[in-house]
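As the structure lists them, so they are numbered: ligands from 1, and atoms in each ligand from 1.
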Amino acid sequence: MERLQKIIAHSGYTSRRKAEELIVAGKVTVNGVVVKELGTKVRRNDDIIVEGNIISMEEKVYYLLYKPEGYISSTDDEKGRKTVVDLVITDKRIYPIGRLDYDTSGVLLLTNDGDFANLMTSPNHHVEKEYRVKLKGFLRKEESTLLCRGIRIDNYKTKKAKIKDVVYNKESETTLATIIITEGKYHQVKLMFDAVNHPVLRLKRVRFGVLNLDNMRIGDYRLLKPFELKQLKELAE
Ligand code: URA
């Protein structure tokens, strides 16, 4: 527990003196309640708002989760389905960076760092995402070429992609393939393969930038290492 004025000052918002003035003037709320009492003690994870600005004192955390199928990429779900946040034990208020569909597994990042989340999902940045897909039918070379050059889905054309490691299964009439994209539009991979009439039957994200699923089992999670965080930021910039 720390004194409210100290936390506000440490956040860099203003000096301790000014913080005290703001508190007395009723410009500060803690968990939605105006606090005018100087010296009120607060916790690091309390919601502190000063003149409409959120003061965050929570230590920043970055997790890599091997998301299983059957979890929703959100912090809560109105239909009561299990969420990816349920899988990570932490007292921090983390949320997923971008999303993987309910029926998609693989690499998913979670954080409480909004700037980092924005950096990773911004359309101006190009972190590679690699997916292993199982497709209905046999994906032909010409279809791969179309997808790699960029294909029209809805009202936009996808950026250049790479496809590799294509394997056909004659018995089940399916294709396994790896696709690497730099965008992250809603249902992007499924829509891309739909556009060439090969619906995705199974989807797994096997890499996000420098992060893969090596030595992880489904449902496992771990903190990112400082060098991994640095590399991701460099890739995005
Ligand atoms: N593209 C999709 O269609 N679904 C995902 O979960 C991820 C990428």
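- Checked against a 3.5 angstrom limit, the closest N/O atoms of Leu191 and ligand 1 fall outside it.
- Atom 1 (N) of ligand 1 has its closest protein heavy atom at Val189 N, 3.1 Å.
- Ligand 1 places these atoms under 4.0 Å from at least one heavy atom of Gln188: 1 (N), 2 (C), 3 (O).
- Of the listed residues (Tyr102, Tyr131, Phe193), the one carrying the non-hydrogen atom nearest atom 8 (C) of ligand 1 is Tyr131.
- Side-chain contact between Ile72 and Lys82 is absent, with no heavy-atom pair separated by less than 4.5 Å.
- With respect to Arg202 and Glu69, a salt bridge is recorded, a charged nitrogen being found less than 4.0 Å from a carboxylate O.
- Remark: of the listed residues Val30, Ile55, Leu38, Leu22, Val30 is the sole one forming a side chain to side chain contact (heavy atoms under 4.5 Å, CB included) with Leu4.
- Lys204 and Tyr66 share a donor-acceptor pair across their side chains, judged by distance under 3.5 Å alone.
- In terms of polar-atom proximity, Thr104 is counted as a contact of ligand 1, with an N or O under 3.5 Å from an N or O of the ligand.
- Interface of Asp101 with ligand 1, defined as ligand atoms under 4.0 Å from a residue heavy atom, comprises 2 (C), 3 (O), 4 (N), 5 (C), 6 (O).
- Applying the side chain to side chain donor-acceptor pair (under 3.5 Å) test to every pair with at least one member in residues 157-167, sequence neighbours left out, gives these pairs: Glu128-Lys162.
- Contacts with ligand 1 closer than 4.0 Å are made by side-chain heavy atoms of Leu203 only, the backbone lying farther away.
- In summary, Arg93 and Asp47 engage in a salt bridge, as defined by a charged side-chain N under 4.0 Å from a carboxylate O.
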